[in-house]
Amino acid sequence: MHHPRPIDRPFWSPGVLVMLAVMIAGGAALAVRFVYGLGYATNLSNTNPWGIWIGMDVASGVALAAGGFTTAALAHVFGRHAYEAVTRPALLTAALGYTFVAIAVFVDIGRSWAIWKPIFFHNYNSALFEVAMCVMIYLSVLWIEMIPILAERWGAKIPLLGRLDRGLSGFMWIFIILGVVLSCMHQSSLGTLMVIAPTKVHPLWYTPFLPLLFLLSAFAVGYPMVIVETNLATTSLGLHDEMEVLAPLSRFTIVTLGLYMGLKIWDLLRRGALPLAFDGSLAANSFLVEVGLGVILPWTLLLFPSVRRSRRGLFFAALFVVGGVLLNRVNVFLVSYRPQTQTIPYFPSIGEILVTAGAVATIMFLYRVLTTHAPVLSAPKQEDMAR
Amino acid sequence: MSIPRRQFLKTAGFGIAAMAAGPAHAWESKAPDDPLGCLVDVTRCIGCRKCELACNQVNKLPEPETPFEDMRVLDAKRRPTAGAYTVVNRYYPGALDERGQLSPTFVKIQCMHCQDPACVSACVTGALSKKENGTVHYDASRCIGCRYCMVACPFEIPAYDFHDPLTPQVRKCTFCLERLEDGKMPGCASICPTEAITFGRRSVLMRLARERIEGDPARYENHVYGEHEAGGTSWLYIAGQPLAKLGFPAVPDEPLPRRSETIQHALFSYLWSPAALFATLALTMKTLSGSKKDKE
């Protein structure tokens, strides 16, 4: 196995400049939110108090960062060391992802300066309280798990980092397991959030099984997300494709995605809600895309060894899973959310879209910075392979 | 297939099963015994909007764009906002007056002060609380502005200061808590010229509502809205038509916090499931990975 090392590719590519432009636009929209308020910058209203900053940045962000704990569980807890090549990039994505989940919460809540209050004022009945605490602790755990990677590169230059690394190395297994436990807790509790609103959530999505569905879909999306981002990174950085790790990884997804699909379909049949999927409404169509293209299609594709072995086939199957889980979160929090007194359906404002796009661009930018300078990726360069 | 993979699936399955089968405690209502409340008799309301005026003054709300005497605002359906905690709407549910004209029905809406409020259950920091006297109280000093209360409320009541960039508040009927504590009636109930709003203990109000319905069954729909809705509310309504025809959302009788609190407590009381999962994973790690040192 190749050891992870910094990728010395030229940093300023055209793609990086595009990211920078999107980041600047997002920053401007952010300034508008903090100067003129949520009402001016967003399309939020009394009937639709949550928009894409919660439905996408927070809910989808948490789900798509599941690669971090699912690969850590596989390689470190279940001892499948062959998969260690993908744990570092997945951990980095999770650390960056959760950092931006926290930033999204900071931006979205009306009293950003009061974000620390849940630490002292507890409501154990609230699913959101549990999500808040778990995300807060897990974010710290993720950056603790990042310390060995950062110390490997900068430990000599920054003595504190080196000392932390040496001090923590004996306890790292605690943080690895804690990361998995905290993830299981808040991934499911994010699903519990909407259980309190049966009169507002469309019956295609409203079920007391929401927490279990959220947990299983987080398990299911972890490896596909790793496959997608590894493909993007190796392609844009001109590295070897890592198929020998990714192809076997996708076999786990057949099981996890299959479990999710099974529960989802069983629950729909149990509640007799399935006919609603064919009434032609926006919600119904969004549901069909989510389950058809985002669950059933990629699950079927992954059953074929030829798809799993083909770089393109595997990439697209994984991309459909990622898209399906992303759409599921957007569906649960936004599309399905229809209060009875709603007069205008919610659609995000330009400001909301810019902030979200800016956050995604910043994550990609920082991923590029850290893979360039820190030992994250272990795939050999294409030109070295050819030699 | 190698053993670790089977082990992986088995252990993962065990973890999920353990989480699903946690020690479920029966959910218990935290509703106060016989709280204060109001009975709104919709058949008595003449749509004068005096209650809106009193509410505005007691709660020191901003002056409205159109004065309270201007009845043209009734031409549109309104919802409570950050600047108006109660609003009166006019409906024509089909009844005719003596000249054969459609006769209007006026309905005042505000926070129902639920017995087991969804907003209180949802609130991350406990900024919302149900007081022993029945009030659902908002304490801005604890609020972080997450707006989960607005998502949770089945009556779709809480409004938000969306245009305040730094110190917005959740806004809703306060039940004039300070007046209640001084032994006075809420502003709206004290000003109402037709006694459409009766203030008192919920048990007394329920009895009054039943008496009025039984005393004039032709005038009233045989239903006290709020007796069972959302598990019961401190504010109660009686009307000549089903409340669903008067802009009231359909709300289940089950208290809304029941399901989510049952799930939360089954999984997380004493953090038993995270602790069990941690122990399982630590054991697995020790068995499958050998010494943690040979990770790299």
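Below, chains carry the letters A, B, ... as their sequence lines are ordered, and counting in each starts from 1.
- For B/R90 and B/D75, the salt-bridge test passes: some basic side-chain N is under 4.0 Å from an acidic carboxylate O.
- For A/T341, the parts sitting under 4.5 Å from any heavy atom of chain B are the backbone and the side chain alike.
- Ion pairing of B/D116 with B/K30 is absent here, as no side-chain N (NZ or NE/NH1/NH2) approaches a carboxylate O to less than 4.0 Å.
- Residue contact with chain B, scored on non-hydrogen atoms closer than 4.5 Å, involves the side chain of A/P211 exclusively.
- Heavy-atom distances place the backbone of B/V120, and not its side chain, under 4.5 Å from chain A.
- The local environment of NZ in B/K245 is sparse, with at most 12 non-hydrogen atoms from other residues, nucleotides or ligands closer than 6.0 Å.
- A/H186 and A/Y138 have tilted rings, their planes meeting at an angle from 30° to 60° on a 0 to 90° scale.
- With respect to chain B, the highest number of heavy-atom pairs below 4.5 Å among A/W113, A/Y337, A/F121 belongs to A/F121.
- Both the backbone and the side chain of A/I174 have a heavy atom closer than 4.5 Å to some heavy atom of chain B.
- Contacts between A/T343 and chain B at a heavy-atom distance below 4.5 Å are absent for every atom of the residue.
- Side-chain contact annotation: A/E130 with A/S189, donor-acceptor N/O pair under 3.5 Å present.
- Neither the backbone nor the side chain of A/I54 comes within less than 4.5 Å of any heavy atom in chain B.
- Looking at A/Y223, its side chain does come within 3.5 Å of a backbone N or O of A/T70 through a donor-acceptor pair.
- Ion pairing between a basic and an acidic side chain is recognised when a charged N comes within 4.0 Å of a carboxylate O; B/R258 and B/E28 show no such pairing.
- Ring orientation note: the planes of A/Y40 and A/Y36 are tilted relative to one another, at an angle of 30° to 60°.
- Residue B/L128 does not touch chain A at all, counting heavy-atom pairs closer than 4.5 Å.
- There is no contact between A/V131 and chain B, counting heavy-atom distances below 4.5 Å.
- Ranked by heavy-atom pairs under 4.5 Å with chain B, the list A/T199, A/V105, A/T47, A/L128 is led by A/L128.
- In terms of non-hydrogen atom pairs under 4.5 Å with chain A, the most contact-rich of B/A152, B/G126, B/P80 is B/A152.
- At a 4.5 Å heavy-atom cutoff, the contact between A/L193 and chain B is made by backbone and side-chain atoms alike.
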What do the steps show when you test A/Y124 against A/H122 for ring-ring contact (aromatic ring centres under 6.0 Å, His included), and what is the final call?
-> CA-CA 6 Å; A/Y124 301 114; A/H122 302 170; 5.6 Å; yes

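- Closest non-hydrogen pair, B/C143 versus A/R111, comes out as O-CD, 3.2 Å.
- Both the backbone and the side chain of B/L256 come within less than 4.5 Å of a heavy atom in chain A.
- Chain B forms the most heavy-atom pairs under 4.5 Å with one residue out of A/A132, A/P198, A/A127, A/A41, and that residue is A/A127.
- Of the residues considered (A/T42, A/L182, A/V195, A/I177), A/I177 shows the highest number of contacts with chain B, using heavy-atom pairs under 4.5 Å.
- Note: A/F214 and A/F333 have perpendicular aromatic rings, judged against thresholds of 30 and 60 degrees for the angle between ring planes.
- Proximity to chain B is limited to the side chain of A/K200, based on heavy atoms less than 4.5 angstrom apart.
- Between chain B and the residues A/L38, A/V35, A/V181, A/L210, the most heavy-atom pairs under 4.5 angstrom are made by A/V181.
- Between B/Y225 and B/Y237, the ring planes lie perpendicular to each other; the angle is over 60°, past the 30° to 60° tilted range.
- Residues A/F78 and B/L281 share a closest heavy-atom pair of CZ-CD2, 4.2 Å.
- Interface remark: of the candidates B/G247, B/C123, B/A82, B/C123 forms the most heavy-atom pairs closer than 4.5 Å to chain A.
- Interface remark: of the candidates A/L178, A/V180, A/V201, A/L178 forms the most heavy-atom pairs closer than 4.5 Å to chain B.
- Most heavy-atom pairs under 4.5 Å with chain A, from the set B/S141, B/P252, B/P158: that is B/S141.
- Looking at B/A140, the atoms closer than 4.5 Å to chain A (heavy atoms on both sides) sit in the backbone and in the side chain alike.
- Both the backbone and the side chain of B/R142 have a heavy atom closer than 4.5 Å to some heavy atom of chain A.
- The greatest number of non-hydrogen atom pairs below 4.5 Å with chain A, out of B/Q169, B/K77, B/E254, B/H163, is found for B/H163.
- Checking B/Q115 against B/S29 by side-chain atom types alone, no donor-acceptor pair falls below 3.5 Å.
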